[in-house]
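Predicted model, so just to flag it, every value in this text is computed and none were measured.
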Amino acid sequence: MKIWDYHIPKDWKPATPAEWVWYLQRAINYGDWQGLRARDIQRYLPDLNLDPGKRLMLEAYFERYGA
């Protein structure tokens, strides 16, 4: 199966809040954690539509360790 948004340039960085939400949702839900920063995830966590288990894991992590 080909995921259309997977072939973005390696140096691409989200610029707007909507791009951050899209990027983080895709990366977290598909298990692509490389290069993600805790502070970015924590900042956008309320807006992310995540797998319920991953959301619980992240909420527990930030509750214990913060960003």
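For P9, the side-chain contact (heavy atoms from CB on, under 4.5 Å) partners at least two apart in sequence or on another chain are D11, W12. Evaluation of the side chain to side chain donor-acceptor pair (under 3.5 Å) rule for R37 yields D40 as partners, not counting sequence neighbours.
To the nearest 0.5 Å, atom OH of residue Y23 and atom OG1 of residue T16 are 14.0 Å apart. Between the CG atom of L36 and the CD atom of Q34 there is a distance of 9.0 Å, given to the nearest 0.5 Å. To the nearest 0.5 angstrom, D32 atom CG is 11.0 Å from L24 atom CG.
Between N29 and N49, the shortest heavy-atom distance links the atoms ND2-O, 3.1 Å. Annotation for E19 and K13: closest pair OE1-O, 4.3 Å, computed over non-hydrogen atoms.
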Distance-only criterion, 3.5 Å: show the donor-acceptor pairs between side-chain atoms of residues 55-67 and protein atoms not counting sequence neighbours.
residue, atom, partner, partner atom, Å
R55, NH1, L45, O, 3.1
R55, NH2, L45, O, 3.3
R55, NH2, L48, O, 2.1

